[in-house]
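Here is the naming used below: chain letters follow the sequence lines, and residue numbers restart at 1 for every chain. FYI, side chains are in, hydrogens and waters are out, and symmetry mates aren't considered; it's all heavy atoms of this structure.
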There are 2 protein chains.
Amino acid sequence: MPPKTKLRDPAAEITFGALPDLIGYQLRLAQIAIFRDFAQTLGSYEISPGLFGALVIIEANPGLKQTELARATRLDRSTVVSLVDNLERRALVERRSAAGDRRSNALQLTPAGKALLKKLQRLVAEHEQRLAANLSAKEQLTLVKLLEKIFPEYR
Amino acid sequence: MPPKTKLRDPAAEITFGALPDLIGYQLRLAQIAIFRDFAQTLGSYEISPGLFGALVIIEANPGLKQTELARATRLDRSTVVSLVDNLERRALVERRSAAGDRRSNALQLTPAGKALLKKLQRLVAEHEQRLAANLSAKEQLTLVKLLEKIFPEYR
DNA sequence: AAGGTATGGTTGGATGTCAAACAGTATGCT
DNA sequence: AGCATACTGTTTGACATCCAACCATACCTT
């Protein structure tokens, strides 16, 4: 006869097998929690971590083109199209014609974009503080250092 | 006159502003790289990290119901519906009628599901090893410990 | 026993993401 | 100068995910 699977006691806690030992799994859990708090913090502004990152990178590199933004954010070029559509619709970002190349768009923050980014950065700083509330300054540094050692060849 | 934004030198490297100091950002980068390697490792099996996690949890808790799986995987209940649809279509998981409750489904791995999971676990172990290639055993432990300190209240 | 409330699974709509295919433009080779 | 190749932004289609609404079933209070 076939081996019967013993069912679990419905009142028992769920167990996670070998998952908790996996770094990839723990990272995923942490990121889900972070995303949640991030969304809650910036709730009223309709800004995701990805959009925030894009704004920061555009401000730091005014005039960059979409493909460069895609590489920097690790997004597909086609995803960047709708991302920029979104930000442009909200008048936070402008697509200008690039200097020497009629194919590419030179991206820039509008004054409104810069102003909003300032506010967001304050909120993100608060979020980051909550995220790291249980970590000493030293631990935070260690954490970042360790994270950077994961697949450094992909950066 | 309005303040002109100084455009960046097109030949220069892209800079990332304050992003690299953010734990949330570094975590995101690491996770993207991990996801990429994971997908490449299990490429032929059409299994995402989420699906793998679900299989592990179902095996470790045979007979659990979809809502419990949703909580365990941090997915929405509606997402679990299509996830289980997927696995059931591939005959890896079964929805059985639960013992005392006609609303809920008792989830179980099929023999094929168990067999596949065995193979996957070997591949995931390899993936995990690659991921941690630059980390000593001690560092790996430290990393997991630090990750667990991020929003522990959400676990 | 009956009614209201809570729970389990499902559906439909919105969004974010990737991958593949495309047209316009630039670059390089001969 | 002309042609092949590469790159830029875009469109389309597939998929995962969330949220809100829904129906059926279970539970609880009286």
Would one find a side-chain N or O of B:Arg95 under 4.0 angstrom from OP1 or OP2 of C:dT10? yes
To the nearest Å, give me how far apart CD (A:Glu68) and C1' (D:dG9) are. 13 Å
How many whole angstroms separate atom CG of A:Asp101 from atom P of D:dA6? 17 Å
Mind calculating the distance between NZ (B:Lys65) and P (C:dT10) to the nearest angstrom? 14 Å
What's the closest nucleotide to the B:Asn105 side chain, out of D:dT11, C:dG9, C:dA26? C:dG9
What is the nucleic acid contact for A:Arg74, judged by heavy atoms within less than 4.0 Å: base, sugar-phosphate only, or nothing? sugar-phosphate
Give the C-alpha distance, both sets of side-chain angles, the deciding distance and a yes or no for side-chain hydrogen bond (donor to acceptor under 3.5 Å, both in side chains) between A:Thr41 and A:Arg130. CA-CA 10 Å; A:Thr41 306; A:Arg130 257 194 312 282; 2.6 Å; yes
Let me know the distance between CD1 of A:Ile32 and P of D:dA16, rounded to the nearest Å. 16 Å
Measure the spacing between CG of B:Leu87 and CD of B:Glu94 and express it to the nearest 0.5 Å. 12.5 Å
Just how far is it from atom CD of A:Gln129 to atom CD of A:Gln140, taken to the nearest 0.5 Å? 9.0 Å
Under 4.0 Å, heavy atoms only, any strand: does A:Ser104 hit a base, just the sugar-phosphate, or nothing? sugar-phosphate
To the nearest Å, give me how far apart CG (B:Leu83) and C1' (C:dT10) are. 15 Å
Looking at every heavy atom in both A:Val93 and A:Leu109, which two are closest together, and how far apart are they? CG2-CD1, 3.9 Å
Least distance between heavy atoms, B:Ser48 atom then B:Phe38 atom: C-CE2, 3.6 Å
Please report, rounded to the nearest Å, how far the P atom of C:dG16 is from the CZ atom of A:Phe38. 13 Å
On the nucleotide C:dT7, are OP1 or OP2 found under 4.0 Å from the side-chain N or O atoms that B:Gln66 carries? no
How would you label the contact of A:Asp76 with the nucleic acid (heavy atoms, under 4.0 Å): base, sugar-phosphate, or nothing? base
What's B:Thr67 touching, base or sugar-phosphate or nothing? Going by heavy atoms closer than 4.0 Å. sugar-phosphate
Let's see if you can work this out: which of D:dT10, D:dC7, D:dT25 has an atom nearest to the side-chain heavy atoms of A:Arg103? D:dC7
How is A:Arg77 classified with respect to the nucleic acid when contacts are heavy atoms under 4.0 Å: base, sugar-phosphate, or nothing? base
Between P on D:dT17 and CG on B:Asp85, what's the gap in Å once rounded to a whole number? 13 Å
Which residue lies toward the 5' end of DNA chain D, B:Leu75 or A:Ser78, if each is placed at its nearest nucleotide? A:Ser78
Start at the 5' end of DNA chain C and walk down; is the nucleotide closest to A:Asn86 or to A:Gly100 reached first? A:Asn86
Nucleotide D:dG9, atom C1' - distance to CG of A:Leu69 in whole Å: 13 Å
